[in-house]
Amino acid sequence: MRLVGLVGTGAATGLLIARLHHGFAELLLLIAVTQAFASLASP
Amino acid sequence: MIGTLGKGAPQSRVLAGFVHCAASGLTGAAFGAMLGAAGALVPRPAAQILLAGVAAAYGAMQLGIVRLPLPESGRQVPATWRYRFRHLLVVFLYGAALGPGIGTRVADAGFVPFLGAVALAGGPVFGGLALGTYGLVRAGAAAALATSNTCRIHERVTFGMRTIRLWRSLAVAQGIALLMVVLIGVTVK
């Protein structure tokens, strides 16, 4: 259920970015921050 | 690594944190700019198809459907540097090794589509900005943990492992969003 929610949220966000033609750079920066914090688990 | 950054008096820890962040941000930015410059040579339709393929494949890995190779060394930062070099040089070298993200272990498969997007959809300037941000945040978070006086040493070191589920969940949603955007064909360029 949680996974379905995450996939749905991601798909909706992607569609919104594509429809607005705006926000791709912000999405990549957000991914950069998320991956940076995730990397703390493997120093 | 957090133990190394947390060594010494508070002032020395702050200085070490700044040096570590600068090194990580700079090497991340340099690597991102190189990736972006190299990716800019790939023609647009091929780049989009390639990126969609990478995003789909590693998205499936994030969901636990497949297992694919990761661009990583598989090692942690070398512990021997701590005994071989001066403290500030060690934190600089650790930062430089961590900034590009492929010098140690990759914690989440979503890092691969991120690198792909930086290379194939960003260009050199955005590539430098994106991976520079990654390096800066990665080192900044480690330095903040190391210099935190309210955190006990055990809490500092295990922070990454205690919060990894949250970051992996966010990374799944972001990976799907990236795939959708690439499939529809909107990029930075």
Side-chain angles (χ1 to χ4, degrees), chain A, chain B residues 1-2 28 59 63 72 76-77 94 98 101 104-108 110-111 113-114 117-118 121-122 126 129-142 145 157 159-164 166-188:
Chain A
M1 198 64 196
R2 190 168 140 269
L3 200 60
V4 173
L6 289 170
V7 171
T9 305
T13 308
L15 280 173
L16 193 67
I17 291 170
R19 189 160 175 79
L20 296 176
H21 289 268
H22 182 74
F24 184 67
E26 288 82 353
L27 174 65
L28 287 193
L29 288 178
L30 207 58
I31 295 176
V33 172
T34 303
Q35 290 296 329
F37 276 102
S39 74
L40 290 176
S42 54
Chain B
M1 212 266 310
I2 286 173
L63 296 175
E72 59 181 4
Q76 292 192 327
V77 285
Y94 280 178
L98 295 176
T104 52
R105 275 202 293 256
V106 170
D108 180 75
F111 188 67
F114 168 63
V118 163
F126 187 78
L129 181 69
L131 266 173
T133 302
Y134 168 83
L136 201 60
V137 174
R138 182 179 191 178
L145 277 172
V157 175
F159 176 84
M161 283 163 274
R162 284 185 287 118
T163 58
I164 187 66
L166 167 69
W167 307 116
R168 284 205 173 128
S169 299
L170 278 173
V172 166
Q174 291 165 354
I176 298 290
L178 178 66
L179 177 62
M180 292 298 288
V181 175
V182 173
L183 284 176
I184 296 169
V186 182
T187 58
V188 173

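Each chain gets a letter, A, B and so on, in the order the sequences are listed, and its residues count up from 1. In this text, all values refer to a predicted model and were calculated from it rather than measured experimentally.
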Inset, instruction - Show the numbers, then the answer: is there a side chain to side chain contact (heavy atoms under 4.5 Å, CB included) between B/D108 and A/T34? - result: CA-CA 10 Å; B/D108 180 75; A/T34 303; over 6 Å; no
Inset, instruction - Apply side chain to side chain contact (heavy atoms under 4.5 Å, CB included) to A/F24 and B/L178, showing your working. - result: CA-CA 8 Å; A/F24 184 67; B/L178 178 66; 3.5 Å; yes
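Expressed to the nearest 0.5 Å, how far CD of A/Q35 lies from OG1 of B/T133 amounts to 13.5 Å. A/L29 CG to B/Y134 OH: the interatomic distance, rounded to the nearest 0.5 Å, is 14.5 Å. Note: B/L129 CG to A/L28 CG = 10.0 Å, rounded to the nearest 0.5 Å. The distance from the CG atom of A/L6 to the CG atom of B/L170 is 8.0 Å, given to the nearest 0.5 Å. Note: B/L183 CG to A/L15 CG = 10.0 Å, rounded to the nearest 0.5 Å.
Contact tally against chain B (heavy-atom pairs below 4.5 Å) for A/A32, A/G23, A/A12, A/G5: the top residue is A/A32.
A/L40 and B/R138 make their closest contact through CD2-O, 4.0 Å (heavy atoms, listed as atom of the first residue, atom of the second, distance). Heavy-atom minimum distance, A/A41 versus B/G160: CB-O, 3.6 Å. Heavy atoms only, all atoms of each residue included: A/A38 and B/A107 are closest at O-CB, 3.2 Å.
Within the 4.5 angstrom heavy-atom criterion, only side-chain atoms of A/L27, from C-beta onward, approach chain B. For a residue to count as touching a neighbouring chain, one of its non-hydrogen atoms must lie under 4.5 Å from one of that chain's; by this rule A/L3 touches chain B with the side chain only.
Pairs passing the side chain to side chain donor-acceptor pair (under 3.5 Å) check and including a residue from residues 6-15 of chain A, sequence neighbours excluded, do not occur.
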